[in-house]
Visitor: 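Would you mind keeping the following structure in view while I ask a few things?
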There are 2 protein chains.
Amino acid sequence: MITINEHYLKLQASYLFSDIARRVAAFQEAHPDRQVIRLGIGDVTRALPGACIDALHRAVDEMAVDATFRGYGPEQGYAFLREAIARHDFQARGAEVDPDEIFISDGAKCDTGNIQELFATDCRIAIPDPVYPVYLDTNVMAGRTGEFADGRYQGIVYLDSTRDNSYVPDLPKEKVDLIYLCFPNNPTGSTITREQLQAWVDYAREHRALILFDAAYESFIRDDSLPHSIFEMKGAREVAIEFRSFSKSAGFTGTRCAYTVVPRECTAYTRQGGKQQVHSLWNRRHCTKFNGVSYPVQRAAEAVYSAEGQVQTRELTDYYMGNAALIAQAVQELGFHFVGGRNAPYIWISSERDSWQFFDQLLNEAGVVCTPGAGFGRCGQGYIRLSAFNSRENVVQAMERIRRALT
Amino acid sequence: MITINEHYLKLQASYLFSDIARRVAAFQEAHPDRQVIRLGIGDVTRALPGACIDALHRAVDEMAVDATFRGYGPEQGYAFLREAIARHDFQARGAEVDPDEIFISDGAKCDTGNIQELFATDCRIAIPDPVYPVYLDTNVMAGRTGEFADGRYQGIVYLDSTRDNSYVPDLPKEKVDLIYLCFPNNPTGSTITREQLQAWVDYAREHRALILFDAAYESFIRDDSLPHSIFEMKGAREVAIEFRSFSKSAGFTGTRCAYTVVPRECTAYTRQGGKQQVHSLWNRRHCTKFNGVSYPVQRAAEAVYSAEGQVQTRELTDYYMGNAALIAQAVQELGFHFVGGRNAPYIWISSERDSWQFFDQLLNEAGVVCTPGAGFGRCGQGYIRLSAFNSRENVVQAMERIRRALT
């Protein structure tokens, strides 16, 4: 008899986005004349940069001719892309990362979801709250948690990110082995300073722990004092893996390209304490379960690093950050406590009431869709997330409507 | 201390393709004037069909304009592609498969590698020998095997595919829960009849087992009596999952698109015998760990089903099957026992000596690269695989060289 992985049964059904869709649909039905503005989703809305479009067309033309056709590429990605990434995203900032430490993939969701396979099932896992749900769900599926009770899975060390710690979690009091960090944070938009991040690296070195650093939103950092990569920190190469994505930096959510950095020194251990190179484990997983990213897509990602591509992607993120500034300004004028919006495309707003109540008020009175913070973890209760991913016109109108509704 | 998944340490280093590369490099250095012809790899060599190229360009143009830009798509794939697949690949052959039972992915390697996550770690697994190594390696990584000894992993039920059973394994004598089948087979090129496949379906129904049917090479079937899909068999919808790919049918090895069919009736069980819908488990995995296939690539896959695309992809597989016929004819004339080449792009040749010895002879005396069968399992010892994926000119020349070397 074929039996299932029963850990899947522990997963809580994610009602968040279906609940949102249901409430929005009901509102639209009741008010067919009112145009709803969606500031809930974390999906980009603007066209791909011209440099990427040109690179895609050129690569497609190569695929049309036998002589330049490309079949299977290296599972880890083409050298042209890995070299461009190492040079521009790391070496240019003083972070030592070599091209062969970069693994190209089709998404940071896949990478952050798959990485846990390399580690023992009884590792003690630390996960921020609130945070992107993939870290938690993939560990539930792998059997690293107990049942769900009182809004949390047993066996996970939750790293509370609250107003009290300015949304940057404190070092855990208990010993943990695998630590997820995400900065600029999704959903709070909060950032971590060099000193704070160095403290996490030092913790990991002291406890032989490993940090999984999700930097999918680093391209929105505007404050020069903030680190873009954990590999700007001293000693991080032994204890950290970093995830990056072209989804938000270059509008690739529908095009699909991301990458993971695993330094050669990055170390995990056998139960007996024998050192194991995480790079070779990840390489083995990548080669066994993945066949590389679409060739035209890798050429499009390479074009992000051209002179033209750098100007265009900066213009793209600047546009969204212009939206974020407008949202932040409006929220501040309305007197809400909030964080984010300065170095991240998300604004995390304390509503001082139930997340869903505030969601309903904004929908019904302003026709604006947000994301209730409770969907990102227990610490998200009482908050909502507004996203800067929309057109300027829609953002201006949405904030004007919210202003009118709440004053 | 961060500890590793020690099951990874059981994996045998795959020396197959690096060994081949090393031997070819040594030969080239010793004979710089001789041109080596590669009939070892399973990678396509011809340009993408024109219909796919046109669709890619059109989709890229859509991504260049805000109004038609696409961000995140459905994790399961766009309806336009799922509907085309259901209609053309299944319903047209009388197999009942609905669009929402089709999950679009970036590769059959990923899907055949990831599917085992849904099942308990103590399932009894049956895997053909010889076969594509991903089925075995991903189960080793998940801890479903013991150590490697005498050329095999303990705890796996190997399904021997030999000359005695015409390379179609017999039903296992022991009870198994999860059965991998691959037809047309990689590496042997053998096919399964309707009666044989029905017997496997009946076995699975009787024992509440599940069949993972890899049909990545179905587009090379030319014999009308052979089944293309396991869902042409009676009762298969309750006990089978099928994997398909555009890699070989439309030359997508570098473009990346595939799909998996999980019927709604397909059932697995809790330890207590409670029924669980495999469709909902796979959907949960897909949504949690995957973000969908690149939009232009899905449009290219859709174009495979256009009238033009159907003609072009048939022309593409016919070309390779023309190569296969030439290889089969030459091998037959040389007096070797072989299988495949009639409904598959691979020819599996019994060399009646060590695989690597024959490899060396073909390389040194004919300048032709094959794949030693021993790389696909213990039953592959004594065999080599020749692939039809090359230009007609190269195939003609390779077989002429082999003829001269061996006669």
Side-chain angles (χ1 to χ4, degrees), chain A residues 1-6 8 11 43-48 50 53 56-57 60 63-66 69-73 106-107 109-110 113-114 117-120 123 134 137-138 141 177-178 207-210 253-256 268-271 276 281 284-285 288-291 293-297, chain B residues 1-6 8 11 43-48 50 53 56-57 60 63-66 69-73 106-107 109-110 113-114 117-120 123 134 137-138 141 177-178 208-210 253-256 268-271 276 281 284-285 288-297:
Chain A
M1 183 176 81
I2 178 69
T3 48
I4 67 162
N5 171 357
E6 296 200 13
Y8 271 59
L11 286 166
D43 193 4
V44 297
T45 57
R46 301 195 79 202
L48 283 184
I53 293 291
L56 281 166
H57 279 307
V60 170
M63 300 296 267
V65 180
D66 287 0
F69 173 79
R70 306 250 187 164
Y72 290 123
D106 65 322
K109 191 199 220 181
C110 313
N114 291 330
E117 288 180 29
L118 307 189
F119 306 107
C123 280
V134 167
D137 286 355
T138 56
M141 289 167 161
D177 305 314
L178 192 61
H207 295 94
R208 294 199 284 180
L210 186 68
T253 52
T255 305
R256 313 301 317 141
Y269 302 86
T270 62
R271 227 161 270 285
Q276 294 285 325
L281 297 173
R284 183 72 198 228
R285 194 220 170 266
T288 302
K289 300 193 186 181
F290 185 61
N291 244 329
V293 169
S294 184
Y295 170 69
V297 171
Chain B
M1 183 176 80
I2 177 70
T3 49
I4 66 160
N5 171 356
E6 295 199 12
Y8 271 59
L11 287 166
D43 193 7
V44 297
T45 58
R46 302 196 79 203
L48 284 185
I53 293 290
L56 281 166
H57 279 308
V60 170
M63 300 295 266
V65 181
D66 288 359
F69 173 80
R70 304 250 189 164
Y72 291 122
D106 65 323
K109 191 199 222 183
C110 313
N114 291 331
E117 287 179 31
L118 307 189
F119 307 108
C123 280
V134 167
D137 286 355
T138 54
M141 289 167 162
D177 305 314
L178 192 62
R208 293 199 286 181
L210 186 69
T253 54
T255 305
R256 313 302 317 140
Y269 303 87
T270 61
R271 226 162 271 283
Q276 293 285 325
L281 296 173
R284 184 70 199 228
R285 194 220 170 265
T288 303
K289 300 193 186 182
F290 185 60
N291 242 330
V293 169
S294 183
Y295 170 68
V297 171

Visitor: I need the B/Thr138 OG1 to A/Glu117 CD distance, nearest 0.5 Å.
Guide: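 Here the rounded value is 9.5 Å.
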Visitor: So which of B/Gly50, B/Ser294, B/Pro296 has the largest heavy-atom pair count under 4.5 angstrom toward chain A?
Guide: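 Among the listed options, the one with the most contacts to chain A is B/Ser294.
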Visitor: Examine distances only and state if a side-chain atom of B/Asn5 and a backbone atom of A/Ala120 form a donor-acceptor pair shorter than 3.5 Å.
Guide: no
Visitor: Which atoms of A/Phe69 are under 4.5 Å from chain B, going by heavy atoms: the side chain, the backbone, both sets, or neither?
Guide: side chain
Visitor: Given that the side chain runs from C-beta out, which part of A/Thr45 has a heavy atom under 4.5 Å from chain B: side chain, backbone, both or neither?
Guide: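 Backbone only.
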Visitor: For the residue pair B/Tyr72 and A/Asp43, what are the closest heavy atoms and their distance?
Guide: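 Scanning both residues, the minimum pair turns out to be N-OD2, 2.8 Å.
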Visitor: Between B/Ala64 and chain A, with a heavy-atom cut-off of 4.5 Å, which part of the residue counts as in contact: side chain, backbone, both or neither?
Guide: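 Both backbone and side chain of B/Ala64 come within 4.5 Å of chain A.
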Visitor: Quick one: what part of A/Tyr295 sits under 4.5 Å from any heavy atom of chain B, side chain, backbone, both or neither?
Guide: both
Visitor: Return the option, out of B/Glu6, B/His57, B/Arg70, with the maximum number of heavy-atom pairs under 4.5 Å with chain A.
Guide: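 The option with the most such pairs is B/His57.
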Visitor: Checking heavy atoms, do the side chain of A/Cys110, its backbone, both or neither come under 4.5 Å from chain B?
Guide: both
Visitor: Hey, is A/Asp137 close enough to B/Arg284 for a salt bridge, meaning N to O under 4.0 Å?
Guide: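 Yes, this pair counts.
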Visitor: Between B/Val65, B/Asp106, B/Val60, B/Leu281, which has the largest tally of heavy atom pairs under 4.5 Å with chain A?
Guide: B/Val60
Visitor: Quick one: what part of B/Thr3 sits under 4.5 Å from any heavy atom of chain A, side chain, backbone, both or neither?
Guide: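 B/Thr3 touches chain A through backbone and side-chain heavy atoms alike.
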Visitor: Between B/Met141 and chain A, with a heavy-atom cut-off of 4.5 Å, which part of the residue counts as in contact: side chain, backbone, both or neither?
Guide: side chain
Visitor: Go through A/Tyr269 and B/Ile4 one step at a time and tell me if the side-chain contact (heavy atoms from CB on, under 4.5 Å) criterion holds.
Guide: CA-CA 6 Å; A/Tyr269 302 86; B/Ile4 66 160; over 6 Å; no
Visitor: Please step through side-chain contact (heavy atoms from CB on, under 4.5 Å) for the pair B/Gln276 and A/Tyr8, ending with a clear verdict.
Guide: CA-CA 11 Å; B/Gln276 293 285 325; A/Tyr8 271 59; over 6 Å; no
Visitor: Under a 4.5 Å heavy-atom cutoff, which of A/Val44, A/Leu118, A/Val293, A/Asn114 has the most pairs with chain B?
Guide: A/Leu118
Visitor: So which heavy atom on A/Ala47 is nearest to which on B/Asp66, and how close?
Guide: N-OD1, 2.7 Å
Visitor: Under 4.5 Å, counting heavy-atom pairs only, tell me which of A/Leu56, A/Val134, A/Thr270 racks up the most with chain B.
Guide: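 Highest number of pairs under 4.5 Å: A/Thr270.
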Visitor: Below 4.5 Å, heavy-atom pairs only: which of B/Gly292, B/Gly71, B/Ala209 has the largest tally toward chain A?
Guide: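 Top option by heavy-atom pairs under 4.5 Å: B/Gly71.
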Visitor: Which atom pair, heavy atoms only, marks the closest approach of B/Lys109 to A/Lys289?
Guide: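 Taking every non-hydrogen atom into account, CD-C, 4.1 Å.
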Visitor: Go through B/Leu178, B/Val297, B/Thr288 and name the one with the most non-hydrogen pairs under 4.5 angstrom from chain A.
Guide: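 Option with the top pair count is B/Thr288.
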Visitor: Identify which part of A/Asn291 has an atom lying under 4.5 Å from any heavy atom of chain B, answering side chain, backbone, both or neither.
Guide: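 Both parts, backbone and side chain.
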Visitor: For the atom pair CE (B/Met63) and OG1 (A/Thr255), what is the distance rounded to the nearest 0.5 Å?
Guide: 3.5 Å
